[in-house]
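Every chain is numbered from 1, with letters handed out A, B, ... down the list of sequences. All values below come from the heavy atoms of this structure, side chains included, with hydrogens, waters and symmetry mates left out.
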Amino acid sequence: MPELPEVETTLRAIKKFKGSVLKEAKVHNKNLRWPVVDGFESSVKEQVVENLERRAKYIIFKLSNNKNIIIHLGMSGNLRIANNNENFFIKHDHIELIFDDERIIYNDPRRFGSMHLTANIHKHKLIKNLGPEPLSENFNAEDFFSACNNSKTNIKSFLMNQKNVVGIGNIYASESLFLAKINPSKNANKLDLEACKRLVAAGKQILEQAIEVGGTTLKDFYSADGSPGYFKFKLNVYGREGEICNNCKNSIHKTVINQRATFFCKNCQI
DNA sequence: CGAAAAACCTGGCAGC
DNA sequence: TGCTGCCAGGTTTTTC
């Protein structure tokens with residue numbers, strides 16, 4: 001389910017566990033994208049969750065023993081909250097993080113996600129090479145423009161590369177490029193500063209709006225299949241092949257870039 | 001080295 | 001009803 005807004009929405013839903021004691025973890029299936037380390041359960045047992053934060057698409061639990069749990073949801077992962085008096089499992093519930101009254105359940109059919117334990121977040125291999133947060137000042141037109149200049153790939157792949165900016169996945173890449181009126185196949189090094197300004201602004205706007213509507217789904221967070229996500233966000237191009245462009249009334253086209261479905265308007269996006 | 005393709009998995013759906 | 005093939009919101013690993 002996750003691009004950055006969905007991860008952020010998930011984080012906000014579980015933020016209430018900050019300050020709580022993680023009584024116990026149960027790993028039912030350790031075979032995720034990478035195996036959950038041996039000793040995970042004993043390492044996190046009875047630790048206070050001192051902070052809950054997000055970096056890129058990773059959710060990070062800071063524990064009182066100075067260890068950190070890192071969670072990535074992959075393509076199909078989600079977290080949900082369940083009451084401990086409901087002994088309710090569904091297929092692909094892999095890990096439980098159990099608190100006094102409630103527990104957080106990690107479910108992931110495709111197991112592209114993962115859960116890690118590390119002492120130093122910033123040295124972790126999945127974290128250390130990440131690019132700027134899209135909603136921060138570190139993601140700005142000037143720096144993005146100079147990075148684009150040094151790239152030979154197309155702008156859509158460039159935008160989805162987490163070294164250049166984090167959090168933008170396949171859906172919001174198409175949506176951002178539509179809003180910025182840039183053709184997804186265009187070489188990154190062909191973008192001028194004005195185009196970069198539009199794209200950076202578009203990316204921030206899309207992500208902020210998606211987070212905003214994601215927040216409205218929080219009330220559904222308890223239901224097993226009520227995962228917050230894309231269904232509330234109004235998409236201009238993604239999944240709309242053959243439909244009418246909301247801007248110019250030509251039809252939306254679909255192509256494949258880097259093995260990923262890509263949607264755009266040939267008329268609006270130059 | 002950077003860029004492009006393959007790989008990791010399961011489930012849902014269209015088409016036969 | 002099956003069965004088959006294709007598609008899916010990510011990112012690492014392998015190949016060129």
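The side chain of A:Leu126 lies closest to C:dT12, out of C:dA8, C:dT11, C:dT12. Among the nucleotides B:dA3, C:dA8, C:dT11, the one closest to the side chain of A:His72 is C:dT11. Nearest nucleotide to the A:Trp34 side chain, out of C:dG10, C:dT13, B:dA3: C:dT13.
Neither OP1 nor OP2 of B:dC9 sits under 4.0 Å from any side-chain N or O of A:Ser76. Distances shorter than 4.0 Å separate some side-chain N or O of A:Arg260 from OP1 or OP2 on C:dG10. Considering only side-chain N and O atoms, A:Lys152 lies nowhere under 4.0 angstrom from the phosphate OP1 or OP2 of B:dA4.
Residue A:Gln259 places no side-chain atom within donor-acceptor reach of the base of B:dA4, judged by atom type and a 3.5 Å distance cut-off alone. Taking only distance into account, the side chain of A:Arg110 meets the base of B:dC9 through a donor-acceptor pair shorter than 3.5 Å.
Summarising the geometry, the separation between CD1 on A:Ile70 and C1' on C:dT12 is reported as 16 Å, rounded to the nearest angstrom. A straight line from CD1 of A:Ile59 to P of C:dG10 spans 15 Å, rounded to a whole angstrom. When rounded to the nearest whole Å, the span between CG of A:Asn129 and C1' of B:dG2 equals 15 Å. Between the CG atom of A:Asn31 and the P atom of B:dT10 there is a distance of 10 Å, given to the nearest Å. Counting to the nearest Å, the P atom of C:dT12 and the NZ atom of A:Lys57 are 10 Å from each other. For A:Ile155 and B:dA3, the CD1 to P distance is 12 Å, given to the nearest whole Å. Rounded to whole Å, the distance from CZ on A:Phe158 to C1' on B:dA4 is 16 Å. Per the geometry, CG belonging to A:Asn258 stands 14 Å off C1' belonging to C:dT15, to the nearest Å.
The side-chain contact (heavy atoms from CB on, under 4.5 Å) with A:Ser185 is formed by just one residue from the set A:Leu177, A:Ile155, A:Ile257, A:Thr262; it is A:Ile257.
With respect to A:Glu8 and A:Arg12, a salt bridge is recorded, a charged nitrogen being found less than 4.0 Å from a carboxylate O.
In this structure the side chain of A:Leu63 never reaches within 4.5 angstrom of the side chain of A:Val48, judged on heavy atoms.
Sparse packing is recorded around NZ of A:Lys23, with 12 or fewer heavy atoms of other residues, nucleotides or ligands lying under 6.0 Å away.
Within the model, atoms CD1 of A:Ile206 and CD1 of A:Ile168 stand 9.0 Å from one another, a figure rounded to the nearest 0.5 Å.
Figure legend. B:dC9 is base-paired to no nucleotide; pairs are counted as Watson-Crick or G-U wobble with both atom distances under 3.5 Å.
Using atom P as the reference point in both C:dC7 and B:dA5, the two lie 16 Å apart (nearest Å). Comparing the P positions of B:dA6 and C:dC6 gives an interatomic distance of 14 Å, to the nearest angstrom.
Residue whose closest nucleotide on DNA chain B sits further toward the 5' end, between A:His92 and A:Phe112: A:Phe112.
A:Ser157 comes within contact range of no nucleotide atom at all, as no heavy-atom separation falls under 4.0 Å. Residue A:Arg33 is in base contact, counting any heavy-atom pair closer than 4.0 Å across all strands shown. Within the 4.0 angstrom heavy-atom criterion, no nucleotide atom of any strand lies near A:Lys163.
Side chains of A:Asn107 and A:Lys91: no donor on one and acceptor on the other come within 3.5 Å.
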